[in-house]
2 protein chains.
Amino acid sequence: MNARPSFRAQVLQAREDAIVDTVNRLLADKGFEAMTVDLVAAEVGIAKASLYKHFSSKEQLAAAAMVRVLDRAMAFMASPACATEPSPIERLKAVARWTMEVQLAGQMPSLPAQNSTLRTALVADKVYMERLMQLSEQLGEWIEAAQAQGQLHPALPAEVVLYTLFARACDPVLGVLKAGGSYSDEQIVGWCLASCFEGLAAHVPAARAKPAVPRGR
Amino acid sequence: MNARPSFRAQVLQAREDAIVDTVNRLLADKGFEAMTVDLVAAEVGIAKASLYKHFSSKEQLAAAAMVRVLDRAMAFMASPACATEPSPIERLKAVARWTMEVQLAGQMPSLPAQNSTLRTALVADKVYMERLMQLSEQLGEWIEAAQAQGQLHPALPAEVVLYTLFARACDPVLGVLKAGGSYSDEQIVGWCLASCFEGLAAHVPAARAKPAVPRGR
DNA sequence: GTCTATAAGAGGATAGAC
DNA sequence: GTCTATCCTCTTATAGAC
């Protein structure tokens, strides 16, 4: 009846953290289908049956990893590193940059959108869905604020911007560029951020489109 | 010894086409892992063992589907619909639009980048690699031409532009928006094209950034 | 809750008759 | 080349002792 978690409970919590850590890493570099429960157990250093005492299925393992990365994203968004950005669009860029850095660090669990058993398990997972909606709403607020200030492409609905940001968090372009070995992580993130927010085509940024600039030289 | 294909050979060719058609469709809406060879055989209407007389493995089935879509892409690029576009960047946009339309039509086979046995089989497949390089070179020429004319973002290397175009051909954003059911295919393609080439952020297109425009009123 | 051992089933690939 | 029947491996999940 102690409100403080018992020593035993803390040990179990630590073990679950270790499991989720491993799942997170394996999901990031092998993907859901190639990640076997046997491998997770082996890397954690426990028996597979013990894993199933903590998580009832492979899908629940993936859900736990997703919940943790969503929590980390929200923690970043609330941190000074992001929240002190002056304008909404700068905050959105900061989040996108963060997701790309996490991905390049091999810590972004990305799940296949097509796997139906996984999707079913995820939408049925209350904790996961709650976190996902929390994050979406926070981002949605920033997106609408940015739209109100004319910082976003006027033709794009907020929904499209939101989904695009989620998609860029697991954009395969980063992995391909990193696999090429020719560029630094910083360069890769910079380019992907630029292509995401400024597009592939040439243009003049809105903030610098001053009609008062004198022509010629 | 007849140069013209025999009737028998034509029948076999037609059967292989039917197989690749089915594989293409299944890859588009279930993905590689969820596509079972049993299902392919069932949908084609032949026995699984017969499938293996045509293609030696599941990976070869996927490779055949990819070769066909690469061929179709190159056929589109050579067609008047694309080749008559006035500038290189318009041609690039036309290709991107085409890939997005194919994806929304459920005909874009997209393979997981992480599956190692599949990757190994693909890079070992001479026909696939040849087609992939052909397509990349054609696109590379257009990209460099567009760069030379100042139509592309000056900070982005050609390689980054190329990979981004490939990635947008299987951008999950289109599927999510379509699944939402609120928008027409045309709207979805328009938005994804805009976010790809013009970016999420507000800006003034280069072509319209005429310093001669009179200020305010 | 942790272990060893095993059930249960899916799925890729093949044998061998025709 | 097509079929039926089968093999065999891999993987998720559980039984049951401690």
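Below, chains carry the letters A, B, ... as their sequence lines are ordered, and counting in each starts from 1. Keep in mind the model is a prediction, meaning the values are calculated, not measured.
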Legend entry - Rounded interatomic separation in angstrom, taking CG from A:Asn115 and P from C:dG11: 11 Å
Inset, instruction - Could you check which residues of residues 39-54 of chain A get a heavy atom under 4.0 Å from DNA chain C? Sort them by number, please. - result: A:Ile46, A:Ala47, A:Ala49, A:Ser50, A:Lys53, A:His54
Inset, instruction - Give, ordered by number, those residues of residues 57-64 of chain B having at least one heavy-atom distance below 4.0 Å to an atom of DNA chain C; if nothing qualifies, reply none. - result: B:Ser57, B:Lys58
Legend entry - Geometric class of the A:His203/B:His203 ring pair [parallel <30°, tilted 30-60°, perpendicular >60°]: tilted
Inset, instruction - Answer yes or no: is there a side-chain heavy-atom contact under 4.5 Å between A:Met35 and A:Val40? - result: yes
Inset, instruction - Go through the steps for B:Tyr52 and B:Val37 under the test side chain to side chain contact (heavy atoms under 4.5 Å, CB included), then give the verdict. - result: CA-CA 9 Å; B:Tyr52 278 94; B:Val37 179; 3.7 Å; yes
Legend entry - Start and end of chain A contact along DNA chain D [non-hydrogen atoms, under 4.0 Å]: D:dT11 to D:dA15
Legend entry - Smallest separation among heavy atoms of A:Val23 and A:Leu61, with atom names: CG1-O, 3.7 Å
Legend entry - Salt bridge present between B:Glu85 and B:Lys93 (N-O < 4.0 angstrom): no
Legend entry - Of B:Val20, B:Leu132, B:Leu111, B:Asp71, the residue whose pairing with B:Met66 passes side-chain contact (heavy atoms from CB on, under 4.5 Å): B:Leu111
Inset, instruction - Pick out which of B:Leu177, B:Val189, B:Thr99 makes a side-chain contact (heavy atoms from CB on, under 4.5 Å) with B:Leu104. - result: B:Val189
Inset, instruction - Could you tell me whether a side-chain N or O of B:Gln103 sits under 3.5 Å from a main-chain N or O of B:Asp171, the two making a donor and an acceptor? - result: yes
Legend entry - Distance (rounded to the nearest 0.5 Å) between A:Cys170 SG and A:Arg168 CZ: 9.0 Å
Inset, instruction - Could you please spell out the steps behind the side chain to side chain contact (heavy atoms under 4.5 Å, CB included) verdict for A:Trp98 and A:Met77? - result: CA-CA 9 Å; A:Trp98 179 85; A:Met77 289 166 68; over 6 Å; no
